[in-house]
Amino acid sequence: MASLQKLRQLSAPHCVLLAVQYATESNISALRTLTALRDADLPLELTLSIILTYLPEEFEPTSYIEYLHELATDSRHPGDDPSVPTDDIISIAHFSTSRAKKRRKALELLPVVHPLYAAEDALDSFTHFLIHRAHRIDAQTGLLDLVPQLVIPFLKHSEFLRTWFISTALPLLRLNYEYYPQRANGSLEDFAKLKGKSAIDYQLSNIRNAGDSDIHNVARDLKGVVAPWMCGANERKRRKISSEGRRASIAQEQPRDPDDWDCLFQWILHASKDNLTLSATAFSEWDGPEDMDLGGYEEGRDYVDDEQQRQLEMRYAQTAFACAYLADKSDVATFQTAHSLLGRICDLMNYDAPPDLNVGIDSLPTYDLKDPLLQESTTSILQEHRLLEPTNVITKPSRDSVQILKFVIFSAWTLSSLDQPVSIREVAKMSLRDNRSEQLALLQKILHKLGSSRKENSTWTSARLKLLWLWNWGTQNHDTDRRAQGIFGMLEISTLETEILKALVESSHYPLVVQTYIKSSASHQPLSLQEVESVVLRCAMNHYDNASNGNRTRGGMKRATEIITAFAPHFHGSSRFQRMQALLLATHAMSFYTLVLEHGVPFQPVNIRVSSNPLALVRKLLSQNGGSYTKLDDLISIGQNLVISRPSTIMEDENETSLDPSKLDRRKAAAERRVIGMAIDAALAEDDFETAYSYVVNRLTPSTPAATPSAASKLFSFGSPESDEQEDDAEDVAWRAALRAGRYSSPTVTNSWTQSAARPDLRRLEQRMELLSQALMLAPPTHLEEVLSVWQQCEAETTALLAEETAAEERFNDAADRKLPGTFVNETIAIQPRREVGRGAAEEAPLGLFDVARGAAAAFSKSAFPLRGSAQAAANVPARDTNMSSSRASMDFSDSGSMNEERVRKRDMVASAATGALATGTGALASGLGWMLGESTTHSDRWIKD
């Protein structure tokens, strides 16, 4: 009792110093007695400040909870057995009052209010003390688990204290001691300072970095950490407004910061970009803003009102939509996760669950929106910062947005089943971009990959149906600017079917092509037969153009041949198929020859296609392959096929249905003459006159003895300027080839008749004149002068040789006459060689130019001057017989009878050819006949004199 008496005698400064001493010594009973007896000198705030400053933080709160309760309820009393150590009072009492005052002023007592909560003016001192004490305990000792012992008993004291504990202390306690005890998760003060995005990142950092096995903990963290923290959103907002009120009054309006819930939804959305499974798990196991684990400390209180709850549920569902659209991966797991997310959305909005991803093609969803959501939208609505906008049409929760997401997910899944995985985000962009080129490129990539993997017919049938669904999403209704509603909706249906057809042909699924595109019923025929034909031919031509070798058993030529062979029976009336077959035959035949183009580039089939005159390649072939001219039939076949095919226009003449047989025959005949002419030139270039002679005589015979220009034009009419030009050119080649052969003088044939028993020089001249007679029958009247000029040269050479031979005979006879009988000596006498005759056994005298001219004049007089024809005919006969006799006399050989008849026959034939041509070409005769008559008369006079 003495101690209590002394305690009452202490001054106020002495009492403060004594309370500090008891607090420092953790002597709660003495401190309790002191503050109860001297409550006037130790008011509540001072007492709380002393306890806050000097009571050790590691001291168990349970030891002074009762005392704190007395302070909180202002029911302080000294206790049942009040006692104060006398020694403590004596140690304080010996200080003088002035000294006690100085020491009291020197005390550094902490304010009861923590700086973080200074804006909470409405809070009582005891609530501030508990919050400050909790911060001190954590800051000084790190023993955060002592805070519940301190605060929980007083939760009913203040709603702010309850909210603070639930939103600040409880989340950190769970992170540090329950959920992630092995990781350091920061201090209470640091945690209390967090707000907005940084707070969400901090609270969910552990789950963000967790492995797949810990992903399921995201719902636990959302319920037990983030959701409790959200309960303090209003208090944090109020403190922020209060602390920034003065600056905000003078500052310009600042953009609104997202609230805590916005930050949470944005975090979930951003996480889905790299880990959709994490976000999907959050939605599947966390029921949203109302799903909070507050540890029971809320005691039935709602921290989110009904209106806010409704808004948060819509934002929660919108975030689920946004997560699906932000998924950038295209693996199967991502599609399955997005599908589960779609199911969760349907569940939240009480809609029917979507069909399973693996449903059959017939069960794929059908587009049934009356008002298309995507018609006026652009890809900007898929930007991450816009996905959560309340007005975003594809993420705003509604039945239509659910339908759109369903089609996007099933489109991505269908593309994946076609071996062309595309992310859900990219599929959504394609639907919004409406880029035809992009859609066509994707379609071609799908078909190329399918073709490369050698799929079965059933797989291709299924793939075609899937592509058709991707085109229209199962509906015939579509936006006004689209062909169909699906992700391939900018393509025409014909384009889609054409690309599929090309892929089927390229992958050699010919029976399936026939079944689907050729023999299908008229009501279900995807493409017209003309379109199918064009596609097939283009596929074959593509392989042809890319072939490096013309052999049809190799590479591109093999594939082109296979395609044409497979489909030709189904297009038997198609001229383009016939032309393509002819082209393949010609190219294959040419592959057996060596052919190099300019600059040393080896010949390739495409060179035929790009050539404006493919028949000219035959001439190059002849020039580069020695002796190839002997394979005339093969060359003719090549030339005819090239002319029939007309390679450069096969893919252009789409309206051509069939080839006229008569037109075809005329083209082949013209090509044959041109090739023979080329072969003749090649034979002459290799000094093979005999072969050239044989080709002219046997293969270039005219169809009529003397065809007039008009008749020839009608005979070879193609019905088009191009055809007429080709046939005229063929005729020109024929007679010019005969002329070149008739002009040819071989260096290997000698003019000396003494070196051989036969006379090859005379035989060669005879052959040349026969060729020139052929040229006369083939040449147009305007070129007769050119042929006759060469004829004159040959005739002059023949006359010279015959004169030489006659002189030799005369010398031989004179020598024999000078020899007397019995005076022969052993001497070598030049034996008159037997002159080699032409192609037969009988000798033939060359036809004289005079005979030709006179015959031409007679024919002309009959046609031009019919009244004088009969009178002149009788006069011309003796002259012609005289000339014939002169010719026979000057070229008399041992064989007389049959040779004379043959000479007359050939002379008549040549005369008939010349006169026939001249008679029908009166225009050319005016300039040429006078020359012929003059030359022939002069020449005949010279013969008569000789």
Side-chain angles (χ1 to χ4, degrees), residues 533-534 536-538 540-541 543-545 547 550-552 557 560-561 563-565 567-593 595 603-622 631-679 699-700 703 715-734:
E533 175 191 358
S534 180
V536 171
L537 286 172
R538 288 185 185 280
M541 191 60 73
H543 287 290
Y544 178 88
D545 289 344
N551 195 304
R552 64 187 173 195
M557 277 290 293
T561 304
I563 293 172
I564 295 301
T565 302
F567 291 100
H570 303 286
F571 298 95
H572 53 82
S574 169
S575 65
R576 293 201 292 169
F577 265 88
Q578 297 172 13
R579 291 166 58 189
M580 189 69 190
Q581 288 174 318
L583 177 62
L584 293 174
L585 289 173
T587 308
H588 175 70
M590 292 176 68
S591 69
F592 294 97
Y593 298 91
L595 186 57
F603 169 78
Q604 294 180 343
V606 71
N607 297 125
I608 298 178
R609 282 258 293 145
V610 300
S611 175
S612 59
N613 183 19
L615 200 59
L617 295 173
V618 177
R619 187 179 302 278
K620 291 186 178 182
L621 185 150
L622 286 166
K631 302 176 182 179
L632 184 59
D633 290 334
D634 188 31
L635 296 174
I636 290 174
S637 175
I638 292 174
Q640 289 177 337
N641 283 324
L642 288 176
V643 170
I644 292 171
S645 64
R646 288 179 289 148
S648 62
T649 62
I650 288 182
M651 302 313 301
E652 298 174 4
D653 301 337
E654 296 186 0
N655 296 324
E656 185 177 0
T657 56
S658 61
L659 290 175
D660 183 7
S662 60
K663 182 186 297 186
L664 189 63
D665 291 340
R666 290 195 296 270
R667 290 181 181 176
K668 292 171 69 175
E672 179 179 3
R673 286 182 174 270
R674 293 179 65 187
V675 172
I676 292 174
M678 296 176 189
R699 306 301 288 269
L700 284 183
S703 56
L715 177 63
F716 294 105
S717 175
F718 277 56
S720 65
E722 179 186 358
S723 302
D724 293 340
E725 181 181 351
Q726 289 177 353
E727 300 230 0
D728 292 343
D729 181 59
E731 284 300 295
D732 188 66
V733 167

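- Side-chain atoms of T561 come within 3.5 Å of backbone atoms of M557 as a donor-acceptor pair (strictly under, hydrogens ignored).
- Among all heavy-atom pairs drawn from P605 and A547, the shortest one is CD-O, 3.3 Å.
- Looking at heavy atoms from C-beta onward, M678 lies out of side-chain contact with L621 at the 4.5 angstrom threshold.
- Two residues are said to be in side-chain contact when any heavy atoms from C-beta on lie closer than 4.5 Å; K620 and L595 meet this criterion.
- For the pair S534 and R576, the minimum side-chain heavy-atom distance is below 4.5 Å.
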Q. Checking salt bridge (Lys or Arg N to Asp or Glu O under 4.0 Å) for the pair D633/R699: CA distance, chi angles, key distance, verdict?
A. CA-CA 11 Å; D633 290 334; R699 306 301 288 269; 3.2 Å; yes

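- By the 4.5 Å heavy-atom criterion applied to side chains, I608 and F603 are counted as neighbours.
- When every heavy atom of P614 is checked against every heavy atom of P647, the shortest pair comes out as CG-CD, 3.9 Å.
- Atoms OH and CD1, from Y544 and I650 in turn, are 8.0 Å apart once rounded to the nearest 0.5 Å.
- One side chain, T649 or R579, offers a donor N or O that lies under 3.5 Å from an acceptor on the other.
- Looking only at side-chain heavy atoms (C-beta outward), I638 and V675 stay at 4.5 Å or farther from each other.
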Q: Evaluate side chain to side chain contact (heavy atoms under 4.5 Å, CB included) for L642 paired with M590, printing each intermediate quantity in order.
A: CA-CA 11 Å; L642 288 176; M590 292 176 68; 4.3 Å; yes

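- Rounding to the nearest 0.5 angstrom, the gap separating the CZ atom in R538 from the CG atom in D545 is 11.0 Å.
- In this structure, the separation between CD on Q578 and CG on N641 is 12.0 Å, given to the nearest 0.5 Å.
- Scanning both residues, G639 and L615, for their nearest heavy atoms gives CA-CD1, 3.3 Å.
- Distance CZ/R667 to CG/D665: 11.0 Å, rounded to 0.5 Å.
- Rounded to the nearest 0.5 Å, atoms CZ (R619) and CG (L617) are 11.5 Å apart.
- Between L585 and R552 the shortest side-chain heavy-atom distance falls below 4.5 Å.
- In this structure, CE on M541 lies 6.0 Å from CE on M651, to the nearest 0.5 angstrom.
- Looking at Q640, its side chain does come within 3.5 Å of a backbone N or O of K668 through a donor-acceptor pair.
- When side chains are defined from C-beta on, L537 does not count as touching F571, because their heavy atoms never get closer than 4.5 Å.
- Side chain of S591 to backbone of H588: a donor-acceptor contact under 3.5 angstrom is found.
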